[in-house]
Amino acid sequence: MISASAVNSENSLDTLRHSTAHVLAQAVLDLWPGTFIAIGPPVEDGFYYDFYLPGGKHFTQEDLALIETKMRDIVAQDQPFIRKECSTKEALNLFKNQPFKQEIIETIQNENTGDKKVSLYYNPPGEFVDLCRGPHVESTGKLGAFKLIRISGAYWRGDEHREQLQRIYGTAFNTREELESYLAQLVEAEKRDHRKLGAELDMFYFLPEIGGGLPVFSPKGALVRHLMEAYSVEKHLASGYQLVWTPHLARSELFETSGHLQWYQENMYPPMEMEGVTYYPKPMNCPLHISLYANKLHSYKELPLRLFEFGTVYRFERSGVLHGLTRVRGLTQDDSHIFCAPEQLGHELTGVLEFVVQMLGAFGLREFDAELATRPDKFVGDIAEWNFAEEALRQALGASGIDYSVAEGEGAFYAPKIDIHLRDAIGRRWQVSTIQVDLQLPQRFDLSYIGPDNTKHRPFMLHRALFGSVERFMAILIEHYAGALPTWLSPVQVKVLAVRDTHEEYAKYVVFHLRERSFRAEVSLADEPLGARVRSAKLEKIPYVLVVGDDDVNGHTVGVNARGSSKALRGVGLEEFYQRLEQEVVSHG
RNA sequence: GCCCGUGUAGCUCAGUGGUAGAGCAGCGCACUCGUAAUGCGCAGGUCAGGAGUUCGAAUCUCCUCUCGGGCUCCA
């Protein structure tokens, strides 16, 4: 038997957090004897432990402080973490009052491996023992700074048909400073919440009478969307994509052919029948783009054929999962399907990856990593094709210079894929772009092109989206910039404030000329004190607040207040200001 | 969908069984001002909705709905 955990002072965060989770469980058992404990792993930002309180009792937010106090007692006692091994039979007996632990042990028992031993961690002199693979810190006194964050629900083994447990989330770090800085980041994230900023900046709303997950965009938000889409369309056209447009509904036969009714129906809105024909709202654009491709005969000389559309799709999401613009029921994908010859696949993938970096970079997002998801156990198609596609994806990733990891077996059943994540201004990771090599649909739709040998060949097909969805990407931009969108994307770029009513005519003149140069400008008349109007323009996060008074009327100048700068520039010539603005917009600064 | 929490004016929030409140925003009047809140006034609410308990309910109970945190799923 091994007496102590094999750890040293350099505890990994996972070990630290895992040990903290044990102490959480011990504290809960002390406070609520008879609690059934489930599992308590470390997660990305901390750890959790799942509990089931017998007798229909539930934790409340106030209990967290109580539990934390108890945890600090256990830390003060500096209980050692002692590892022991025993047979599954002994373990079943030891945990006879812990049904969830028993279930885990039974699972281990039923696994087809020779070793039927399990490891346990004791915290003497306390009675707490947990079934655990380890490793752990030496003793509870070695825990770092921790805090319990929130309570939520969770299903046993993630199965909604099983017991609903209560999950307590916490986080832990080696030092108090790291914990404080993490907590500060949570506060910062809350301030940047796009749902809050979206309403404050008058960009979009969720109206109960319209329905959950169905955002409406007011003029400012609609303008931002338009600017995003216009830029994207321009770049797609410049990169050899062709713009198409497909309707929001299509006949059920299409989705039968594509397999969506078989595989994806639970996310589809129900059908509607007109004149004996059944239609579904499209949950994806691919079947429609494919129909367009299949509509006529294609020569190898046309390939690669890149069809692009801002396609609005509808997906039923259960009410509980909706979340601002990042999880909605109606979304618009910057969607393209690329049809190419097998030998063109690698080149196309490389091109798409370059395009991703270029496109997201234009929006000020420059830190990426990727995940290559490979063939799952349950898959369709031919293994040789899977290997060919995976290898092409791997090579494209290697050439792109993007950091990537491989998620074995995480691909969709019909496609290996690359998911691109970006990191925002406060270090959070967001999944945005996705690139898939579809190994199903070309067969299902019997797609072909005529090769140089004058016979039919099967094309490869890529799905790809760069923003992912416009709505979600807008949410990411709002949070990344904390609402202060770069000038080229700001719905109002300039606000011109007249000092007194005698300056209003000049202020209107400046706005007129700004608009003439395609800048988005508004005038603010002298009906409130200047200070109040400066304040409200700043709160709207307008990039440039111009103040015009006597000196400016006489000198044909403006007073410039740039966003983020505390001091104003007086007497800037109009032409000079136009040029500065022009340059900033063109450079996406 | 499920568990927990939440819901009072457009927004942020006070009000715990006895006549619905404040600040901001809005509207009106006055103020005409050089850089982050001018003053006065007016208007604004089926206290999410429904049912119940009570002499009396924003307040207590039950049901429904919304929103939030998660689970699951994914863009």
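Just so we're on the same page: letters track the sequence lines, and every chain starts at 1.
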Roughly how far apart, to the nearest Å, are B/U19 and B/C47 at atom P?
15 Å
Backbone N or O of A/Gln493 within a donor-acceptor pair of the A/Arg520 side chain at under 3.5 Å?
no
With the side chain of A/Arg315 defined as its heavy atoms from C-beta on, choose the nearest nucleotide among B/C74, B/C71, B/U35.
B/C74
Could you tell me the Watson-Crick or G-U partner of B/C74, where both distances fall under 3.5 Å? Say none if there is no partner.
none
Distance, P atom - from B/C40 to B/G15, rounded to whole angstrom:
26 Å
B/U59 pairs with which nucleotide, Watson-Crick or G-U wobble, both distances below 3.5 Å?
none
Classify the nucleic acid contact of A/Leu165 as base, sugar-phosphate or nothing, counting any heavy atom under 4.0 Å across all strands shown.
nothing
Does OP1 or OP2 of B/G70 have a side-chain N or O of A/Arg150 closer than 4.0 Å?
yes
Take atom P in B/C67 and the same atom in B/C62, then report the distance between them in whole Å.
23 Å
Between A/Trp263 and A/Phe413, is the ring centre distance below 6.0 Å?
yes
N/O donor-acceptor pair, side chain A/Arg533 with base B/A36, under 3.5 angstrom:
no
Are there more than 12 heavy atoms of other residues, nucleotides or ligands under 6.0 Å from atom OH of A/Tyr52?
no
Span that lies between the P atom of B/G26 and that of B/G10, in whole angstrom
14 Å
How would you label the contact of A/Ser433 with the nucleic acid (heavy atoms, under 4.0 Å): base, sugar-phosphate, or nothing?
nothing
Given B/U35, B/A36, B/G34, the nucleotide with the shortest approach to the side chain of A/Asp551
B/G34
Donor-acceptor list for residues 283-290 of chain A side chains, cut-off 3.5 Å, not counting sequence neighbours:
{"residue": "A/Asn285", "atom": "OD1", "partner": "A/Lys282", "partner atom": "NZ", "Å": "2.9"}
{"residue": "A/Asn285", "atom": "ND2", "partner": "A/Gln333", "partner atom": "OE1", "Å": "3.3"}
{"residue": "A/Asn285", "atom": "ND2", "partner": "A/Asp335", "partner atom": "OD2", "Å": "2.9"}
{"residue": "A/His289", "atom": "ND1", "partner": "A/His337", "partner atom": "ND1", "Å": "2.9"}
{"residue": "A/His289", "atom": "NE2", "partner": "A/Glu309", "partner atom": "OE1", "Å": "2.7"}

Determine whether more than 12 heavy atoms belonging to other residues, nucleotides or ligands lie under 6.0 Å from atom CD of A/Gln262.
yes
Give me the distance, rounded to whole Å, that separates B/U59 from B/U53 when you measure between the C1' atoms they each carry.
13 Å
So CZ of A/Phe51 and CD1 of A/Ile37: to nearest 0.5 Å the spacing works out to 7.0 Å
Inter-nucleotide P distance (B/G44, B/G7), Å rounded
25 Å
Can you sort out the partners of A/Tyr481 under side-chain hydrogen bond (donor to acceptor under 3.5 Å, both in side chains), two or more places apart, ordered by chain and number?
none
Trace of the side-chain hydrogen bond (donor to acceptor under 3.5 Å, both in side chains) decision for A/Trp430 with A/Glu479:
CA-CA 11 Å; A/Trp430 300 83; A/Glu479 303 210 359; 5.7 Å; no
Partner nucleotide, any strand, of B/G23 [Watson-Crick/G-U, under 3.5 Å]
B/C11
Identify all side-chain donor-acceptor contacts of residues 555-562 of chain A below 3.5 Å with residues at least two apart in sequence or on another chain.
{"residue": "A/His556", "atom": "NE2", "partner": "A/Tyr509", "partner atom": "OH", "Å": "3.1"}
{"residue": "A/Thr557", "atom": "OG1", "partner": "A/Asp552", "partner atom": "OD1", "Å": "2.6"}
{"residue": "A/Asn561", "atom": "ND2", "partner": "A/Val545", "partner atom": "O", "Å": "2.8"}

A/Leu530 has a side chain; which of B/U72, B/U35, B/A37 sits nearest to it?
B/U35
By the 4.0 Å heavy-atom rule, please label A/Gly531 as base, sugar-phosphate, or nothing.
sugar-phosphate
Step by step, work out the side chain to side chain contact (heavy atoms under 4.5 Å, CB included) result for A/Trp32 and A/Phe59.
CA-CA 10 Å; A/Trp32 290 272; A/Phe59 299 118; 3.7 Å; yes
Can you tell me if NZ on A/Lys538 sees more than 12 non-hydrogen neighbours from other groups inside 6.0 Å?
yes
Both distances under 3.5 Å, Watson-Crick or G-U wobble: report the partner of B/G34, or none.
none
Specify the residues of residues 464-472 of chain A, ordered by number, for which at least one heavy atom lies under 4.0 angstrom from an atom of RNA chain B.
A/Ser469, A/Arg472
How would you label the contact of A/Glu266 with the nucleic acid (heavy atoms, under 4.0 Å): base, sugar-phosphate, or nothing?
nothing
Please pick, from B/U72, B/G34, B/A37, the nucleotide with the shortest atom-to-atom distance to any side-chain atom of A/Val321.
B/U72
Write down the protein N/O and nucleotide N/O pairs, taken from nucleotides 64-68 of chain B, whose separation is under 3.5 Å; answer none if there are no such pairs.
{"residue": "B/G68", "atom": "OP1", "partner": "A/Arg195", "partner atom": "NH1", "Å": "3.4"}
{"residue": "B/G68", "atom": "O3'", "partner": "A/Arg195", "partner atom": "NH1", "Å": "3.3"}

Under 3.5 Å on both distances, the Watson-Crick or G-U partner of B/C40:
B/G28
Consider the side chain of A/Arg327, meaning its heavy atoms from C-beta on, and name the nucleotide among B/A36, B/C2, B/A75 that approaches it most closely.
B/A75
Picking from A/Arg225, A/Arg327, A/Arg195, what satisfies salt bridge (Lys or Arg N to Asp or Glu O under 4.0 Å) with A/Glu471?
A/Arg225
Name the nucleic acid region contacted by A/Gly158, choosing base, sugar-phosphate or nothing; use a 4.0 angstrom heavy-atom cut-off, strictly under.
sugar-phosphate
Residue closer to the 5' end of RNA chain B, A/Tyr169 versus A/Met284 (nearest nucleotide):
A/Tyr169
Hey, which of these two, A/Leu325 or A/Ala498, hits RNA chain B nearer its 5' end, going by closest nucleotide?
A/Ala498
Base paired to B/A48 (Watson-Crick or G-U; both N/O distances under 3.5 angstrom):
B/U64
Base, sugar-phosphate or nothing for A/Asp550? Non-hydrogen atoms, less than 4.0 Å.
base
Is there a donor and acceptor pair, one atom on the side chain of A/Asp552 and one on the base of B/G34, closer than 3.5 Å?
yes
What does A/Arg167 touch in the nucleic acid at a heavy-atom separation under 4.0 angstrom: a base, only the sugar-phosphate, or nothing?
sugar-phosphate
Between the protein and nucleotides 26-32 of chain B, list the N/O to N/O atom pairs that are separated by less than 3.5 angstrom.
{"residue": "B/U32", "atom": "O2", "partner": "A/Asp501", "partner atom": "N", "Å": "3.0"}
{"residue": "B/U32", "atom": "N3", "partner": "A/Asp501", "partner atom": "OD2", "Å": "3.4"}
{"residue": "B/U32", "atom": "N3", "partner": "A/Ala526", "partner atom": "O", "Å": "3.3"}

Nearest heavy-atom approach of A/Val328 to A/Pro215 is CG1-CD, 4.1 Å
For B/U6, give its Watson-Crick or G-U wobble partner with both distances under 3.5 Å, or none.
none
The residue among A/Tyr48, A/Tyr49, A/Phe47 that forms ring-ring contact (aromatic ring centres under 6.0 Å, His included) with A/Tyr169 is A/Tyr48
Pairwise P distance, B/G21 and B/C27 [rounded to whole Å]
24 Å
Look at the side chain of A/Ala532 and decide which nucleotide, out of B/U38, B/G34, B/C71, has an atom nearest to it.
B/U38
base_contact_polar (B/G70 base, A/Tyr155 side chain, donor-acceptor, <3.5 Å)
no
Looking at every non-hydrogen atom in both residues, tell me the closest pair between A/Thr487 and A/Arg563 and how far apart they are.
N-NH2, 4.2 Å
Of all the nucleotides listed (B/A75, B/C4, B/U35), which has the minimum atom distance to the side chain of A/Gln436?
B/A75
B/G23 and B/G18: how far apart are their P atoms, nearest whole angstrom?
23 Å
